[in-house]
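What follows is a short report on a single structure.
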Amino acid sequence: MKALVLAAGLGTRLRPYTEQTPKPLFTLDGQPLLGRVIHQLIAAGAQTIAVNTHHLAGQIEAYVARANFKAEIILRHEPEILGTGGAIANTADILGDKPFMVVNSDIATDIDLAAVYRFHTGHDHPVTLVFCHDPDFNTVSVDAEGYVADFSPGDQTTGGGQRRLTFTGIQVLDPAVIDFIPPRGFAHSVDAFKSMLDAGFRIKAFIAADNHWADMGSPQRYRRTARDMMAAAVFQEQAPEAAGNPAVWTPLAGDGSDRRWYRLQQGQTSVVAVDHGLRVGAPPGEADAFVHIGRHLHRQGLPVPRILRADPFAGLIFMEDLGDRHLQTHVAGLSSPATIVSLYRKIIDLLIQISLSGGNG
């Protein structure tokens with residue numbers, strides 16, 4: 001199986017973050033979106049994957065070069081952006097004469113791509129589009145028999161058993177689709193699909209009813225997805241018996257910076273999270289420093305919280321919860337001056353140890 005990953009977009013809705021980092025290289029739990037999609041395609045059986053590039057193409061080229069994917073990755077640069085349809089026409093020579101997959105690089109999903117491809121090869125129609133239900137994007141009408149009725153945005157309730165659903169950016173196409181796309185220049189794939197409907201072809205809908213899907217088109221949606229995914233992964237490791245239950249986020253008092261702190265509770269397990277916000281400029285940023293220094297001090301055997309999971313680009317760091325009892329609060333509850341002096345001696349010894357051990361390496 002061959003595939004195309006659409007990665008050329010400008011990411012205008014994600015500015016200013018996309019001015020330094022192309023949207024396909026935004027990370028989820030430390031892994032670029034582009035890498036997540038490529039790995040999913042490889043797991044589904046893709047042996048050759050084309051990736052179109054335009055905005056900050058050099059960064060994507062560098063990432064692919066060092067990633068060492070277990071498939072043939074062919075980059076196709078677009079000096080002028082070609083759109084979704086133009087990208088398909090521009091890679092027709094790579095995609096070949098058998099059904100191929102096309103996937104957006106700015107989504108996060110657990111949809112089984114191999115199942116989608118099998119679904120497509122099990123019917124006689126030239127297009128399979130994958131849909132889910134998302135009230136923010138339900139714009140495509142699918143009829144009761146599982147065929148696309150129209151692509152016109154409108155009311156989400158339609159007659160005749162039709163319903164509005166969200167196109168996930170995942171599709172399987174027969175090469176015949178390319179005949180409906182201009183051979184050169186900018187083109188939308190949806191325009192090709194509309195022309196196919198007008199010509200009497202039918203477009204099959206694969207409906208992913210019970211899967212997770214998220215579009216990364218806005219900072220708010222990206223941040224929510226990154227936060228939820230990392231929290232789920234942390235608790236899967238720390239409290240697998242409680243996996244699947246939502247974590248309760250409780251804001252904590254700040255530390256004088258604009259970082260935001262939280263305690264997360266799931267069952268009897270708690271962790272602390274700090275949110276630095278998305279990295280705007282080139283690395284390293286504040287979150288990178290927090291991770292590097294925190295992990296270095298912990299490796300030196302110093303009593304700092306262990307960092308459990310970190311995504312410096314997203315600005316999210318999860319660490320073990322050492323409680324919130326302050327030294328001042330503890331000392332205020334002591335009545336013996338000798339005990340207080342002894343405690344402060346330990347504190348001073350520790351400060352010296354941090355300075356000395358922290359300098360090693």
Side-chain angles (χ1 to χ4, degrees), residues 17 21 24-40 43 67 106-112 210-216 218-255 257-279 283-326:
Y17 309 107
T21 303
L25 297 188
F26 279 35
T27 52
L28 286 177
D29 200 11
Q31 184 180 32
L33 294 169
L34 177 60
R36 294 176 61 86
V37 170
I38 290 176
H39 282 301
Q40 286 176 296
D106 60 350
I107 61 172
T109 185
D110 60 4
I111 294 171
D112 185 344
D210 300 318
N211 295 93
H212 168 78
W213 177 88
D215 166 78
M216 303 290 110
S218 70
Q220 295 76 19
R221 292 181 70 91
Y222 166 71
R223 286 174 58 80
R224 183 168 63 245
T225 302
R227 195 177 95 151
D228 292 348
M229 182 176 291
M230 290 188 70
V234 166
F235 282 110
Q236 179 63 46
E237 292 178 347
Q238 302 300 311
E241 70 282 354
N245 298 321
V248 177
W249 292 66
T250 303
L252 302 176
D255 61 347
S257 73
D258 56 1
R259 294 180 292 193
R260 287 172 289 179
W261 294 83
Y262 303 89
R263 173 169 283 113
L264 282 68
Q265 190 84 29
Q266 191 177 80
Q268 300 301 310
T269 303
S270 68
V271 300
V272 168
V274 56
D275 183 356
H276 292 79
L278 268 67
R279 186 169 63 209
E286 185 182 16
D288 298 272
F290 189 107
V291 172
H292 292 319
I293 294 170
R295 285 180 170 162
H296 168 69
L297 295 177
H298 192 269
R299 283 195 300 268
Q300 301 304 313
L302 297 167
V304 297
R306 180 167 61 95
I307 293 175
L308 305 172
R309 223 167 184 89
D311 188 329
F313 176 79
L316 293 166
I317 300 161
F318 294 76
M319 65 202 84
E320 61 181 330
D321 186 353
L322 300 184
D324 50 16
R325 185 169 175 81
H326 290 207

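The basis for the numbers below is simple: all heavy atoms, side chains too, and nothing from hydrogens, waters or symmetry mates. What you see is a predicted model, and the numbers here were worked out from it, not measured in a lab.
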Side chains of [X] and [Y]: does their closest heavy-atom pair fall under 4.5 Å?
X      : Y      : value
Ile307 : His298 : no
Asp311 : Arg309 : no
Met319 : Val274 : yes
Asp275 : Arg227 : no
Leu33  : Met216 : yes

Next item on the list: Identify, with sequence neighbours excluded, every residue that meets ring-ring contact (aromatic ring centres under 6.0 Å, His included) alongside Phe26.
Entry: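 With neighbours one apart ignored, the set is Tyr222, Phe313.
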
Next item on the list: For His212, enumerate each residue passing the ring-ring contact (aromatic ring centres under 6.0 Å, His included) test, keeping only those at least two apart in sequence or located in another chain.
Entry: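 Partners of His212 under the ring-ring contact (aromatic ring centres under 6.0 Å, His included) test: none.
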
Item checked: Asp321 CG to Gln265 CD distance, which is reported to the nearest 0.5 Å ->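 Going from the CG atom of Asp321 to the CD atom of Gln265 covers 8.0 Å.
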
Checklist line | Over 12 non-hydrogen atoms of neighbours within 6.0 angstrom of CG in Asp110 | finding: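 Enclosed: over 12 neighbouring heavy atoms sit under 6.0 Å from CG of Asp110.
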
Is the backbone N or O of [Y] less than 3.5 Å from a side-chain atom of [X], with the two atoms forming a donor-acceptor pair by type?
X      : Y      : value
Gln40  : Thr109 : yes
Arg221 : Asp215 : yes
Glu286 : Asp288 : no

Note to self: Closer than 4.0 angstrom, basic N to acidic O: yes or no for Arg263 and Asp324?
What the structure shows: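 Salt bridge between Arg263 and Asp324, a charged N being under 4.0 Å from a carboxylate O: yes.
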
